[in-house]
Engineer: 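Please see the structure below; I have some questions.
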Amino acid sequence: MRSIAILGATGSIGRQTLDEVSRHPDRFRVAALSAHTNREALFEAVRAFRSPAACLTGADLGEIPKDLSFCQFYARDELEKMVRECEADDVLDAIVGIAGLGAAWAARQAGKRLLLAIKETLVTGGRLIMDACGPNEDGPTLLPVDSEHSAIFQCLQAAGPNKVKTIFLTASGGPFRTWSRERIQKATLEEALRHPTWSMGAKITVDSASMFNKALEIIEARWLFDVTPEQIQAVVHPQSIVHSMIGFEDGAVLAQLGVPDMRVPILYAMTYPERLESGVPAPDFAALSSLTFEPGDPERFPALRLAYETLNAGGASCCVLNGANEVAVAAFLKGLIPFGSIYACVEETLNRLGVLPAEEIADIYEADRLARRAARDYLKL
Ligand code: NDP
Ligand code: MG
C-alpha cells in the first residue's frame, strides 16, 4: 500500500490519477490533495477519498463543510508546507506551469518520491531538480508521467547497460499539423483547443497546437535522461499510438505503443516496476489503418527550433522561454493576442533578456519574474 499526494487533483491528470486510485483501493491511499480555485471539486474529492490533508492554492477556503472535519486544510500559500508535512510516499505533481516547481522541490527535500506530470518543473529547474532526484536504494526518486517520457523510461527498462544513441520523441503535430505558416499565425482559440488525439487541460492543449508542448518535452527529456539536445529528435506521428522510441548504436529502435490515454503512464509511475490493470485496452491493430511519421517543421513551428537554441544557450534560458510562453498562452486564452504572437513574444523575450544565471532555485524564480515582465511589456498587457 502506497500513499499518494495529488497536486492538481481537480485537473485532467489529477482526476485520472484519482480514477486509478479508485480502481486499486488495496494498493493506494490518498494522503493529500490540492486544487487552485475549484473549491467544490476539491471538497468533493476530499470527501470521496477521505484525504487527511488538502490545500486550495488560488482562493480562500471559506467555510469548510462540517463532514470534512477529518481533513487538515492548508491555506493558499501553504502548498509546500502540506507537501512536506503530509504522509505521502509519492507526490504526483500535476499543477500547471512554474507553480509546480516549488512543490516538486519541497517533495524532494522531504524525501518523497516525485511522479512528475508537469513538464515546466524540469524546463525551469532542470539541473537543480535532477540533482535533488538521485536514485536511492529503493529505486528512482523521480518517475515521469508525461506520456512520451514514460514511453522512453519504459523502453529504457529493456536497454540494459547499452547507451541510448537517439531519443525519438513523438508528437501528434496538433490541430495545425498541415496548416500553412500564415494560417497558423491567425488561428482562433476554438481552433487551437481542438486537439486531434488527446483530451487535456487548456494550457497544454494550446501548447500542443503551437508545438511549444514538444519544445518543453525536448527540454524535459534532456534532463530526465541526461542526453545532449542533439540526441533528441522530434518525430511527428499523427495517430499518437507510438508514444516515443529509443535508438541504439546498432540501428535498432525500441518503441512503446498504446492508445492515447494518460491513465497508462500515470499508473505505471504509481506502480513501477509492476503493471496493473489500468482500464485502458491495447490498441486494436486490425482497426488501425496506418501508423505514419514525418519530420517536425521548425519553419512553421518555431518552438521546435527555440527548444534547441535555449538548451544550447544554457543558464536560465529554458526558464525564460517557459515564463514568456506561459504569459503569452494566458493572454491568448483570454482572447487578448493572436496565436502568432505567442512565438513572437517568446522569441523577443529571449532576445531581450539574454542568458540569465540558474545556479540556485532563487535564480530560477528571478529569471521567471523577469521573463514574465518582459513578455507582458512586449505584449502591452
Ligand atoms: P488542468 O488545467 O486540467 O488542471 C490543472 C490542475 O492544477 C487543476 O487541479 C488546477 O486547479 C491546478 N492549478 C492550475 N493552476 C494552478 C496554479 N497556478 N497553482 C496551483 N495549482 C494550479 O491541467 P492538466 O491536468 O491537463 O495538466 C497538468 C500538468 O500536467 C500540466 O503541467 C501539463 O503540462 C501536464 N500534462 C498533462 C497531460 C494531460 O493529458 N492532461 C499530459 C502530459 C502532461 P483548479 O481546478 O482549481 O483550477
Ligand atoms: Mg506529452
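Since we're looking at a predicted model, the values are computed, not measured. When a ligand or atom number is given, it counts from 1 through the structure's own listing order.
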Engineer: In terms of relative ring orientation, are Phe225 and His149 parallel, tilted or perpendicular, with 30° and 60° separating the classes?
Structural biologist: parallel
Engineer: Given Thr57, Ile204, Leu7, which has its nearest heavy atom closest to atom 20 (C) of ligand 1?
Structural biologist: Thr57
Engineer: Looking at atom 7 (O) of ligand 1, what's its closest protein heavy atom, distance included?
Structural biologist: Ile95 CA, 3.4 Å
Engineer: How long is the straight-line distance from CG of Asp77 back to OG1 of Thr57, given to the nearest 0.5 Å?
Structural biologist: 10.5 Å
Engineer: Have a look at ligand 1 and work out which part of Ser12, if any, has a heavy atom under 4.0 Å from it: side chain, backbone, both or neither.
Structural biologist: both
Engineer: Counting each atom of ligand 1 from 1 as listed, which ones have a heavy atom of Ala35 under 4.0 Å away?
Structural biologist: 11 (O), 47 (O)
Engineer: Can you pull out the closest protein heavy atom to atom 4 (O) of ligand 1? Residue, atom name and distance to 0.1 Å, please.
Structural biologist: Gly11 CA, 3.1 Å
Engineer: Does Phe176 have Arg300 sitting over its ring (NZ/CZ under 6.0 Å from centre, angle to axis within 45°)?
Structural biologist: no
Engineer: Using heavy-atom distances only, which candidate in Glu120, His195, Glu326, Arg76 approaches atom 32 (O) of ligand 1 most closely?
Structural biologist: Glu120
Engineer: Checking Arg372 side chain against Gly323 main chain: does a donor-acceptor pair fall under 3.5 Å?
Structural biologist: no
Engineer: For atom 26 (O) of ligand 1, what is the nearest protein heavy atom, given as residue, atom name and distance?
Structural biologist: Gly201 N, 2.9 Å
Engineer: Quick check for you: to the nearest 0.5 Å, what is the distance between Met245 atom CE and Thr170 atom OG1?
Structural biologist: 6.0 Å
Engineer: Is Gly58 close enough to touch ligand 1? Criterion: a residue heavy atom under 4.0 Å from a ligand atom.
Structural biologist: no
Engineer: Could you verify whether a donor N or O on one side chain and an acceptor N or O on the other, from Ser240 and Thr197, lie under 3.5 Å apart?
Structural biologist: yes
Engineer: Report yes or no: is the cationic atom of Arg275 (NZ for Lys, CZ for Arg) closer than 6.0 Å to the six-membered ring centre of Tyr268, at no more than 45° off its axis?
Structural biologist: yes
Engineer: Taking the side chain from Glu360 and the backbone from Ala362, do they hold a donor-acceptor pair closer than 3.5 Å?
Structural biologist: no
Engineer: For Ser199, is at least one N or O under 3.5 Å away from an N or O on ligand 1?
Structural biologist: no
Engineer: May I ask you to check whether Met262 has an N/O atom sitting below 3.5 Å from an N/O atom of ligand 1?
Structural biologist: no
Engineer: Could you check whether any side-chain heavy atom of Ile241 comes within less than 4.5 Å of a side-chain heavy atom of Pro260, counting everything from C-beta outward?
Structural biologist: yes
Engineer: Give me the residue, atom name and distance of the protein heavy atom closest to atom 28 (C) of ligand 1.
Structural biologist: Ala94 O, 3.3 Å
Engineer: Is there at least one pair of N or O atoms, one from Thr37 and one from ligand 1, spaced under 3.5 Å apart?
Structural biologist: yes
Engineer: State whether a side-chain donor-acceptor pair under 3.5 Å links Glu191 with Thr188.
Structural biologist: yes
Engineer: Would Asp207 and Asn325 count as a side-chain hydrogen bond (donor to acceptor under 3.5 Å, both in side chains) here? Give the steps.
Structural biologist: CA-CA 9 Å; Asp207 282 346; Asn325 182 53; 3.0 Å; yes
Engineer: Grab the two heavy atoms, one from Leu304 and one from Ile218, that are nearest each other, plus how far apart they are.
Structural biologist: CD2-CD1, 4.4 Å
Engineer: Within ligand 1, which atoms have a heavy atom of Ala99 less than 4.0 Å away?
Structural biologist: 17 (C), 18 (N), 19 (N)
Engineer: Can you name the N, O or S atom of Glu148 that is closest to the Mg ion (ligand 2)?
Structural biologist: OE1
Engineer: Within a distance under 4.0 Å of any heavy atom of Ala117, pick out the atoms of ligand 1 and give their elements.
Structural biologist: 30 (O), 35 (C), 36 (N), 44 (C)
Engineer: In the protein, which heavy atom is nearest to atom 27 (O) of ligand 1, and how far is it?
Structural biologist: Ile13 CG1, 4.2 Å
Engineer: Does Ala9 approach ligand 1 within less than 4.0 angstrom via side chain, backbone, both or neither, non-hydrogen atoms only?
Structural biologist: backbone
Engineer: Relative to the heavy atoms of Ile118, which atoms of ligand 1 are at a distance of less than 4.0 Å?
Structural biologist: 32 (O)
Engineer: By number and element, which atoms of ligand 1 are closer than 4.0 Å to a non-hydrogen atom of Lys119?
Structural biologist: 34 (O), 43 (C), 44 (C)
Engineer: Give the atom numbers and elements of ligand 1 that come within less than 4.0 Å of a heavy atom of Val96.
Structural biologist: 2 (O), 5 (C), 7 (O), 23 (O)
Engineer: Please confirm whether Met200 comes within less than 3.5 Å of ligand 1 when only nitrogen or oxygen atoms on both sides are compared.
Structural biologist: no
Engineer: Which value, rounded to the nearest 0.5 Å, describes the distance between Ile6 atom CD1 and Leu92 atom CG?
Structural biologist: 6.5 Å
Engineer: Between Lys81, Glu85, Glu80, which is the residue that forms a side-chain hydrogen bond (donor to acceptor under 3.5 Å, both in side chains) with Tyr74?
Structural biologist: Glu85
Engineer: Of all N, O or S atoms in Asp146, which has the smallest distance to the Mg ion (ligand 2)?
Structural biologist: OD1
Engineer: Would you mind checking which non-hydrogen protein atom is closest to atom 46 (O) of ligand 1, with the distance to 0.1 Å?
Structural biologist: Thr10 OG1, 2.6 Å
Engineer: Give the atom name of whichever N/O/S atom in Glu217 sits closest to the Mg ion (ligand 2).
Structural biologist: OE2
Engineer: Flag yes if more than 12 heavy atoms outside Glu230 fall under 6.0 Å of its CD atom; otherwise flag no.
Structural biologist: yes
Engineer: Identify, for atom 19 (N) of ligand 1, the protein heavy atom at the shortest distance, and state residue, atom and that distance.
Structural biologist: His36 ND1, 3.2 Å
Engineer: Should you measure from each heavy atom of Asp146, which atoms of ligand 1 turn up under 4.0 Å away?
Structural biologist: 43 (C), 44 (C)
